Amino acid sequence: MSDTRSTTLLIIGGGPGGYVAAIRAGQLGVPVTLVEGLHPGGTCLNIGCIPSKALIHAAQEFERAREYAQDSPLGITVQAPAIDIARTVAWKDGIVRRLTGGVQALLKKSGVQLVRGWARVLDGKTVEVDTGEGPVRIQCEHLLLAAGSEPMPLPSMPFGDKVISSTEALSPASIPRRLVVVGAGYIGLELGTVYRKLGAQVTVVEAQDRILPTYDAELTKPVAGALERMGIELCLGRKVMGLNAAGDAVRVQDATGAETALPADQVLLAIGRRPRTQGWGLENLQLDRAGNALRIDDQCRTSMRNVWAIGDIAGEPMLAHRAMAQGEMVAELVAGQRRRFAPAAIPAVCFTDPEIVTAGLAPSQAQQAGLDCTSAIFPFAANGRAMTLESTDGFVRVVARRDNHLIVGWQAVGRGVSELAAAFGQSLEMSARLEDVAGTIHAHPTLGEAVQEAALRALGQALHI
Ligand code: FAD
Ligand code: NAD
C-alpha cells in the first residue's frame, strides 16, 4: 500500500522557481508540498549560477596574482603563484552547501513539506514520488511544474568520457591541457574564460559568425577583444562533425565544407539547455507546447486548469531571477491574489571578463518594435573610478524614446557592470525618463556615474566627455 497525502499546492522541482513559490505560498498560509529529486536549490545553486560565479572569481584572482608576478604598475610583487584546484572546488562546494542548507531552513520556516524523491505525474491532480522508502502518492488542488532544464546534447558528439557538460566542468579534478568549448553563449564563454585563466589552452567553436549572437555586436566587441588578448582561439561559423577516430580532436567544418581537427583533451559542450519535459509522466497531461517548452500565459497557467509552469521548463529566457519572479506570482495567485507577469524588463548578465548587462531594448530592438528612439554611450575610459580599478574597457548605453525621453533600454559592458543591473531594472520598472536619471546625484567616484553621463549625453548635456 502506498502512502497517500494531500495538499493545496504541489510543486515539482526545488530550483529557484519552485523553492521561491513554496516559500511565498507557505508565508501566505497555503498548504504546500515541494518535491525535489536531487538537492533543493536546483540547477542554479548546485550546478549553475552560484558554482560558476565562484569559479569565475577564483580564476580571476589567480589571473591577477599571475599578472602581479610579472610586472604590476601598482608596485605589487608576487612570487610564482600556484593554484590547488581540489581546494578551489572544495571552497566552491562550501558556498553551495551554505546556500542550499539556507534554502532548506527557509522552507522549514515557511511550513513547506519537503519530499525528497523523483515525482511522476499520474494526472493533473496526482503525483507519485519514489522516495527510496516506498512510493508516496500526493493529491493536490494546484500542480506547479518547475522541473527546470538540462544540457542540450549534440547527436554527433554525445556526452560521456571527455565530452562534458557544465555540470562536470564545475567540479574539475584537474585542468585539461587543451579544452575545446562548443558554443560561444553564456556557459561556453563564462567557463571557457575560467579554464583559460586556470591555464588551459582554450578553443571555442561557434556555429554563428560571432560570439554571444543574442547580443548586438557593439556590446560583444570588448568581450571578443578580451578573449583574443587572453589567448582564447575563436572558431566562428563552424559546424561540429564529432570527435575524430582517435578521440583526441574535434572535427569541425567551415562554410566551404573544409574540415579541420581541433586537438582536445576535454570538450565542453554548451550549445543551450532544453526544458525537462520527458521521462516523468508529463506526457500524460498532453499540455500545449511552445517548441520544446510548456506553453504558458501571462499568469503562468498551462493549457490545463490549475496546472501551472514556471522557470526553464516554460522556455526562454532561462534565467534564475525570472523563475523566482514567476514562482512568487503563482504562489500569490493560488493564495487568491490578483497578479500578472508583465515585467518592464528581465535583466540579463553575462559574467564574462568584461561582463555584459542588458535590460529592456537595444537600439536595433527598439527600431524593430517601431519606436523612434535615440541612444547614447558613455565610455568607461572617461570614468575616474574605472581608471582606479584598471578597467577602462567598455561603456554604458541608454536607449530612449525621442518624443518623450522615456527610457526603454540599458546595456553595459565592462568589469563589474553586473551590479548596474539593479539601477537599470529600477529605471525601466519605474518608467524613468532621461531627465530623471540625468538629474539624480550619483556618488563619485563610481562606475554608476557612467549611467548618469549616458543619460546626460542622450540629452546633449554630457559633462565629462
Ligand atoms: P532548476 O533550477 O533546473 O530546478 C529544477 C529542479 O527540479 C532540479 O533541482 C531538479 O532536480 C528537479 N526535478 C526535475 N524533475 C523532477 C522530478 N520529476 N521530480 C522531482 N524533482 C525534479 N541563470 C541566471 O539567472 N544567472 C546566472 O548566472 C546563471 N548561470 C548559470 C550557469 C550555469 C552553468 C547553468 C547551467 C545555468 C545558469 N543559469 C543562470 C540558469 C539558471 O540556473 C536557471 O535558469 C534556473 O536554475 C532555472 O530555475 P528552475 O527553477 O526553472 O529550474
Ligand atoms: P546559449 O544559448 O547561451 O549559447 C549556446 C551557443 O551555442 C549559441 O551561441 C549557439 O549559436 C551555439 N550553438 C548551438 N548549436 C551549436 C553547434 N552545433 N555547434 C556550435 N555552436 C552551436 O546556451 P548555453 O551557453 O548552453 O547556456 C544555456 C542557458 O543557461 C542560457 O541560455 C542561459 O539562459 C542560461 N545561463 C545563464 C547564465 C547567466 O545568466 N549568466 C550563465 C550560464 C547559463
Side-chain angles (χ1 to χ4, degrees), residues 11-13 15-18 21 37 42-44 47-49 119-121 124 143-159 165-167 182-189 205-216 239-240 269-327 329-330 340-343 345-350 358 360-362 364-365 368-369:
I11 303 171
I12 300 180
T43 303
C44 174
I47 50 168
C49 325
R120 220 187 138 64
V121 173
L143 178 61
L144 174 54
L145 307 169
S149 64
E150 59 198 2
M152 187 103 76
L154 187 60
S156 63
M157 202 166 57
F159 286 116
S165 74
S166 53
T167 304
V182 183
Y186 282 91
I187 293 177
L189 294 189
V205 186
E206 165 60 49
Q208 305 282 322
D209 59 6
R210 58 195 190 83
I211 62 162
L212 294 168
T214 53
Y215 292 125
D216 67 83
K239 191 170 170 193
V240 174
L269 196 53
I271 57 168
R273 291 177 64 84
R274 63 180 182 195
R276 207 183 271 124
T277 54
Q278 304 282 326
W280 49 286
L282 197 58
E283 302 84 346
N284 297 336
L285 302 188
Q286 299 193 331
L287 300 174
D288 284 358
R289 303 288 173 116
N292 282 335
L294 297 181
R295 183 187 295 281
I296 52 169
D297 67 9
D298 63 359
Q299 291 184 315
C300 293
R301 294 176 191 273
T302 67
S303 51
M304 184 179 273
R305 199 175 135 78
N306 290 348
V307 177
W308 314 73
I310 54 171
D312 287 9
I313 198 169
E316 298 284 351
M318 292 193 186
L319 298 172
H321 40 283
R322 172 218 187 213
M324 291 193 239
Q326 290 178 324
M329 179 195 69
V330 171
R340 206 162 63 88
F341 192 72
I346 301 175
V349 177
C350 186
T358 63
L361 303 176
S364 57
Q365 293 168 324
Q368 277 162 23

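Below, all heavy atoms of this structure are taken into account, side chains as well, without hydrogens, waters or symmetry copies. All values reported here derive from a predicted model rather than from experimental measurement.
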Handout entry: Beyond-backbone contact of Leu269 with Val240, side-chain heavy atoms, under 4.5 angstrom
Key = no
Exercise for the section: Measure across Gln365 and Gly360 and return the closest heavy-atom pair with its distance rounded to 0.1 Å. Expected result: OE1-O, 3.8 Å
Fill in the blank from the handout: Note: Pro213 and Ala184 closest approach over all heavy atoms is CD-O, 4.1 Å
Handout entry: Considering all heavy atoms, the nearest Ala362-Asp216 contact
Key = CB-OD2, 3.8 Å
Problem - Minimum side-chain heavy-atom gap Arg273-Pro151 below 4.5 Å - result: yes
Practice task
Could you tell me which residues satisfy salt bridge (charged side-chain N to carboxylate O under 4.0 Å, His left out) with Arg340, sequence neighbours excluded, listed by chain and number?
Solution key: Asp298
Handout entry: Spatial distance of atom CD (Gln208) from atom OG1 (Thr214) [nearest 0.5 Å]
Key = 10.0 Å
Exercise for the section: Indicate yes or no: at least one non-hydrogen side-chain atom of Trp280 is less than 4.5 angstrom from one of Ile12. Expected result: yes
Practice task
To the nearest 0.5 Å, tell me how far Glu206 CD sits from Leu189 CG.
Solution key: 8.0 Å
Practice task
Starting at CH2 of Trp308, measure out to OG1 of Thr302 and round the result to the nearest 0.5 Å.
Solution key: 9.5 Å
Completion exercise
In this structure, CG of Asp288 is separated from CG of Asp297 (nearest 0.5 Å) by 11.0 Å
Practice task
Kindly indicate whether the side chain of Pro275, heavy atoms from C-beta on, has any atom under 4.5 Å from the side chain of Asp312.
Solution key: no
Problem - Any donor-acceptor N/O pair, Thr167 side chain to Ile47 backbone, under 3.5 Å - result: no
Problem - Those residues that, when tested against Arg289, pass side-chain hydrogen bond (donor to acceptor under 3.5 Å, both in side chains) (two or more places apart) - result: Thr277
Handout entry: Ser165: side-chain hydrogen bond (donor to acceptor under 3.5 Å, both in side chains) partners, not counting sequence neighbours
Key = Glu168
Completion exercise
Residues passing the side-chain hydrogen bond (donor to acceptor under 3.5 Å, both in side chains) test with Arg301, sequence neighbours excluded, are Gln299
Donor-acceptor contacts, no H, no angles, side chain residues 314-325, under 3.5 Å, sequence neighbours left out:
from	atom 1	to	atom 2	distance (Å)
Glu316	OE1	Met318	N	3.3
His321	NE2	Pro347	O	2.6
Arg322	NH1	Gly311	O	3.0
Arg322	NH1	Gly315	O	2.7
Arg322	NH1	Pro317	O	3.3
Arg322	NH2	Ala314	O	3.4
Arg322	NH2	Glu316	O	3.4

Completion exercise
Here the gap from Leu294 atom CG to Ile310 atom CD1, rounded to the nearest 0.5 Å, amounts to 11.5 Å
Problem - Within-4.5 Å side-chain heavy-atom neighbours: Leu154 and Ile271 - result: yes
Handout entry: Minimal non-hydrogen separation, Ile187 against Ser166, with atom names
Key = CG2-CB, 3.8 Å
Exercise for the section: Heavy atoms only: give me the nearest Phe159-Pro153 pair and the separation to one decimal. Expected result: CE1-CA, 3.8 Å
Practice task
Using a 4.5 Å cut-off on heavy atoms from C-beta on, say whether the side chain of Ile313 contacts that of Leu282.
Solution key: yes
Exercise for the section: Report the residues that fulfil side-chain hydrogen bond (donor to acceptor under 3.5 Å, both in side chains) with Arg274, sequence neighbours left out, ordered by chain and then residue number. Expected result: Glu150
Problem - Which atom of Tyr186 lies closest to which atom of Val349, heavy atoms considered - result: CE2-O, 3.4 Å
